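Since the structure comes first, as structure tokens, the remarks are kept for the end.
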Amino acid sequence: MQVLDPPQQAAVRSLFMTALHAQNLDALQNSVGQAIRERLQQSAGQPMVEAMRELAQPVALTAIADLLGVTPPPLAEWAQVSDTIMRSMDAGLDPELIEPGRRARAQLSDLVVSWFTTTGRPSGLLGHVRAHTPDAGPEQAAYVRHTARVMSQGGYSTLTGRVSVRV
């Protein structure tokens, strides 16, 4: 959807907005709050806690995976891919970031493709999208995958930042 202009983006935007509205966002918010409380309780006796690695990243990954309706990938691998993508946004200032960023985006794209080619959970945003695009042509399928990629990376990085700020 990010590479389309209106009115071409209307179908993909409508598909994802309908899927988002079909989710129980209150339950997701409660689940995230509970996960944060549990992690804080687990770390209460520790002399030092790395908030990003032990709290923000796992909570954010679980939350975005739950919203999308996919199994979360291994945290360390996901965090590395996400961080590399984020750093590659400065490639104009440091050209050495271009190739690692390209590889990380390819890894993320492969993961997203797997979400659409495996059965997955019937719930979740992507389950709704899959159910409503069984006959998508190659162009629409590419836009849908790209939007899912942006939602997963953007959702994770935004939630990670938000959780770490609130701690």
Side-chain angles (χ1 to χ4, degrees), residues 1-2 16-17 19-130 144-167:
M1 177 168 67
Q2 296 73 24
F16 275 86
M17 290 306 294
L20 181 62
H21 290 294
Q23 304 311 300
N24 186 343
L25 299 179
D26 289 335
L28 179 62
Q29 182 178 3
N30 291 337
S31 170
V32 168
Q34 182 62 32
I36 291 170
R37 286 187 293 279
E38 288 172 4
R39 287 192 170 268
L40 287 173
Q41 287 174 351
Q42 291 169 0
S43 63
Q46 297 177 14
M48 190 162 88
V49 174
E50 185 172 330
M52 289 296 285
R53 189 181 74 238
E54 297 176 29
L55 179 67
Q57 290 175 339
V59 169
L61 180 58
T62 300
I64 197 67
D66 285 350
L67 174 65
L68 296 175
V70 298
T71 301
L75 177 60
E77 181 181 318
W78 174 265
Q80 179 64 39
V81 167
S82 177
D83 290 347
T84 302
I85 290 170
M86 296 302 286
R87 280 192 305 275
S88 74
M89 292 180 187
D90 288 332
L93 302 172
D94 184 355
E96 291 182 13
L97 299 173
I98 294 171
E99 186 55 27
R102 187 199 62 73
R103 286 192 307 269
R105 282 187 295 281
Q107 284 180 274
L108 178 56
S109 292
D110 290 344
L111 177 63
V112 170
V113 165
S114 77
W115 293 340
F116 285 94
T117 56
T118 59
T119 305
R121 293 182 277 182
S123 62
L125 191 140
L126 295 184
H128 184 92
V129 168
R130 280 192 306 259
V144 165
R145 287 190 308 272
H146 179 71
T147 301
R149 186 178 85 172
V150 170
M151 287 184 74
S152 62
Q153 168 60 25
Y156 168 78
S157 61
T158 300
L159 283 172
T160 299
R162 182 71 176 142
V163 169
S164 65
V165 168
R166 293 188 66 133
V167 173

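A quick note: this is a predicted structure, and the numbers were derived from the prediction, not measured.
- Contact between P58 and L55 at its shortest, heavy atoms only, is CD-O, 3.4 Å.
- Remark: T62 OG1 to L67 CG distance equals 12.5 Å, nearest 0.5 Å.
- In this structure, S152 OG and L125 CG are separated by 11.0 Å, a value rounded to the nearest 0.5 Å.
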inquiry  = Test side chain to side chain contact (heavy atoms under 4.5 Å, CB included) on W78 and L111; report intermediate values, then the result.
reply    = CA-CA 10 Å; W78 174 265; L111 177 63; 3.5 Å; yes
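- Side-chain contact, R149 with S109: a donor N or O sits under 3.5 Å from an acceptor N or O.
- Of all the heavy atoms in G101 and T84, the pair that sits closest is N-CG2, 3.9 Å.
- Side-chain atoms of T160 never come within 3.5 Å of backbone atoms of S157 as a donor-acceptor pair (strictly under, hydrogens ignored).
- The environment of CD in Q29 is sparse: at most 12 heavy-atom neighbours from other residues, nucleotides or ligands sit within 6.0 Å.
- In this structure, the separation between CG on D94 and CE on M89 is 15.0 Å, given to the nearest 0.5 Å.
- For the pair F16/H128, no side-chain contact is recorded, criterion being any heavy-atom separation below 4.5 Å from C-beta on.
- No hydrogens or angles considered: nothing links the side chains of R39 and Q42 as a donor-acceptor pair under 3.5 Å.
- Within a 6.0 Å radius of CD in E96, other residues, nucleotides and ligands contribute 12 heavy atoms or fewer.
- What you find for Q57 and R53 is that their closest heavy atoms are OE1-CA, 3.5 Å.
- Using a 3.5 Å distance cut-off with no hydrogens or angles, the side chains of E54 and S43 do not pair a donor with an acceptor.
- Across all their heavy atoms, L28 and A63 have their closest contact at CD1-O, 3.7 Å.
- Side chain of Q23 to backbone of A19: a donor-acceptor contact under 3.5 angstrom is found.
- Here the CZ-CZ distance, from F116 to R145, works out to 8.0 Å after rounding to the nearest 0.5 Å.
- Q107 and V81 make their closest contact through OE1-CG2, 3.6 Å (heavy atoms, listed as atom of the first residue, atom of the second, distance).
- Atom CG of L25 and atom CG of N30 lie 11.0 Å apart (nearest 0.5 Å).
- Residue I85 holds its CD1 atom at 11.0 Å from OH of Y156, rounded to the nearest 0.5 Å.
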request  = Carefully, step by step, assess S31 and D66 under the rule side chain to side chain contact (heavy atoms under 4.5 Å, CB included).
outcome  = CA-CA 9 Å; S31 170; D66 285 350; 4.2 Å; yes
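- In the model, R105 has a side-chain atom that pairs as donor or acceptor with a side-chain atom of S88 under 3.5 Å.
- Counting all heavy atoms, side chain and backbone alike, I64 lies closest to L159 at N-CD1, 4.4 Å.
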